Structures are given as structure tokens and as C-alpha cells.
Amino acid sequence: MHHSIEIEQLYYSYPDGHQALRGVSLHVEPCEKVALVGPNGAGKSTLILHLNGILNGRGQVRVAGLPVVKENLGKIRARVGMVFQNPDDQLFSPTVYDDVAFGPIYQGLPQEEVRQRVEKALAVVNMSDYLQRVSHHLSVGEKKRIAIATVLSMDPEILILDEPTAGLDPRARRSLMKLLENLDITMLVSSHDMLMVRELFPRMVIMDDGCIVADGPTQELMADEALLNAHGLEKP
Ligand SMILES: Nc1ncnc2c1ncn2[C@@H]1O[C@H](COP(=O)(O)OP(=O)(O)O)[C@@H](O)[C@H]1O
Ligand SMILES: [Mg+2]
């Protein structure tokens, strides 16, 4: 059995020369739920963008057992659901239906199954009434939930979410948490929502300045106030 996510000594600099990842190694096992925390600018989003080949740094990255290289990107993107920090990067179709149907259509599923997948995914994020709405006219919180539906409709084996609760109202946040709690798949989720991290993620990885500075049981790391303070985090 392979690791779900395997990152070895990953380095990445943006074109302007800023070094955003400085030798990151991380293994995530199947069905593990891992939270990625750390201050703004720590490199969380940069790391996440390496997991489906949007960015390509120096080092090794394998996801679902496959090296993240050009030839594998189709397979990886079909099995790994990634929700970006900014939902505007994810929604591009004329209607919500089209956005959520895009993945299943791309996977070649029959029309009836596509429709079922879309309806189920929208029900899960409490957005069933939005089928014919225009994605880019929605509020940030609504867009976030649609963005999450666009990956749930693909029935992913690995879910990677970048700050999923940012901008959600309490009810939407709660229902997202319920969804994550009940999904028994591998998850890597970046967040500043320490209450959610404590409630749902048994393992926590702290990043700061392009490095992983701590990786362990959430309960233990959250009890270490000096560690949290040193990296701009607060005990929930
Ligand atoms: N496109 C970019 N060009 C140059 N620097 C960037 C770019 N995107 C992010 N950075 C920088 O890389 C660092 C890590 O950013 P990011 O991965 O977004 O951090 P986080 O998600 O933890 O807040 C930050 O210092 C950020 O300013
Ligand atoms: Mg980020």
C-alpha cells in the first residue's frame, strides 16, 4: 500500500526569486486527516499547489502513488479533489450546474449519473437551490461551497482544501465540518480555524517560513503554547 501523499525535500522559488518552500517533507497515509496550519505567507498554499502539478518545485512529490509529473496529471486530478483558497480560481462555467458537472463529464460518466452526482454534491453543501444560478455572481461563502461541490462530484479518494472555512457563515461552516467529519477519505486541509482543526483533525502540521516546524498529534501540539506562539498561532 502506498502513501496517499509523499513529499520529499521539496524546494520552490517563485519567479520573482522569493523562496516559498525550503525543503519540505511530508507523508500522509490513506484515510488520515491532516491539518496544515501556520501564519500567512508560511507556504501552505504553495505546498498544496504542488499536489496536482500546478506548481513544480525541486524535490519529489507523489500523490495516490503516482509521481506528480505531466503524464500523470490527468489521473491525479481525477482522483484528487483540490479546492483552492480563492474560489474564483475554480468556477468558470456559465451556471452552478455546469461547474459541478464539469469533473464528472470530463471523467466520461453517462449523463444521468452526472446529474445524480451534481445533485448529491450540491445537497451535501446545502446548495441544491442554486443549480441554475450564475457562479460568478454568488457571494464568497456561496462560491466556496460550490467550489467544494465541484470536487465532491468527482468522488475523490484524496481531498485537499485550502482554507475551506474562511469567509463562511457559522451555519455553512458547521455543515462543512459535518461533511468533513463523515467523509472517510484522505484529507489535507490548510486552515486558520483552530477550533475546526482541534475538532476534526487528529494530526497537525505547522509550517512557517517555507518549512515544516512541527508535525504530530493535534492534541499535543495544541497544548504547547510556546510552540503555537512562536508561529503566530493561538490555542482555540
Ligand atoms: N505568485 C507569487 N509570486 C511571488 N511570491 C509569491 C507568490 N505567491 C505567493 N508568494 C509568496 O510565497 C510565500 C508563501 O505564500 P503562500 O504559499 O500563499 O502562503 P500561505 O498559504 O501559507 O499563506 C509568501 O511569502 C507569498 O508572499
Ligand atoms: Mg494560503
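As the structure lists them, so they are numbered: ligands from 1, and atoms in each ligand from 1. If you're wondering where the values come from, they're calculated on a predicted model, not measured in any experiment. Residue numbers count from 1 along this sequence.
A salt bridge does not link D162 with K44: every distance from a Lys NZ or Arg NE/NH1/NH2 to an Asp or Glu carboxylate oxygen is 4.0 Å or more. Under a 4.0 Å N-O distance rule, the pair E157/K75 does not qualify as a salt bridge.
The proximity of T46 to ligand 1, defined as any non-hydrogen pair under 4.0 Å, involves the side chain as well as the backbone. Of all the heavy atoms of P15, none lies under 4.0 Å from any atom of ligand 1, so neither backbone nor side chain is involved.
Put simply, CD1 on I5 and NE2 on H3 are 11.5 Å apart, with the number rounded to the nearest 0.5 Å.
By heavy-atom distance, the residue among E163, Q19, M207, H18 lying nearest atom 12 (O) of ligand 1 is H18. Residue G43 holds the heavy atom nearest to atom 19 (O) of ligand 1 of all those in S190, G43, S13.
Considering backbone and side-chain atoms together, K44 places an N or O closer than 3.5 Å to an N or O of ligand 1. Considering backbone and side-chain atoms alike, A20 places every N or O at 3.5 Å or more from each N or O of ligand 1. In terms of N/O distances under 3.5 Å, ligand 1 is approached by S45.
Sorted by first and then second residue, the ring-ring contact (aromatic ring centres under 6.0 Å, His included) pairs with a member in residues 96-132 read F92-F102; sequence neighbours excluded.
Exactly one residue among L51, V68, V63 makes a side chain to side chain contact (heavy atoms under 4.5 Å, CB included) with I7. That residue is L51.
Of the protein's non-hydrogen atoms, the one nearest atom 14 (C) of ligand 1 is G41 O, 3.4 Å. Looking only at protein heavy atoms, the nearest one to atom 10 (N) of ligand 1 is Y14 CE1, 3.4 Å.
Other residues, nucleotides and ligands contribute only 12 or fewer heavy atoms inside 6.0 Å of the CD atom of Q60. Atom CD of Q219 is surrounded by 12 or fewer heavy atoms from other residues, nucleotides or ligands within 6.0 Å.
Atoms of ligand 1 lying under 4.0 Å from any heavy atom of N40, numbered from 1 in the order shown and given with element: 23 (O). Counting the atoms of ligand 1 from 1 in the order shown, those under 4.0 Å from a heavy atom of P39 are 22 (O). Set against the non-hydrogen atoms of D16, the atoms of ligand 1 under 4.0 Å away are 4 (C), 5 (N). Each of the atoms 19 (O), 20 (P), 22 (O) of ligand 1 lies under 4.0 Å from some heavy atom of A42.
Put simply, atom 26 (C) of ligand 1 has no protein non-hydrogen atoms near it, under 4.0 Å away.
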Decide yes or no on side-chain contact (heavy atoms from CB on, under 4.5 Å) for L55 and Y14, but give the supporting numbers first. CA-CA 9 Å; L55 296 178; Y14 280 101; 3.7 Å; yes
Pair V151-V80, side-chain contact (heavy atoms from CB on, under 4.5 Å): steps then yes or no: CA-CA 8 Å; V151 306; V80 180; over 6 Å; no
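M177 is not listed as a side-chain neighbour of L168, based on a closest heavy-atom distance of 4.5 Å or more.
Vertex the Mg ion (ligand 2), arms ending at OG of S45 and OE1 of Q85: the angle is 80° after rounding to 10 degrees.
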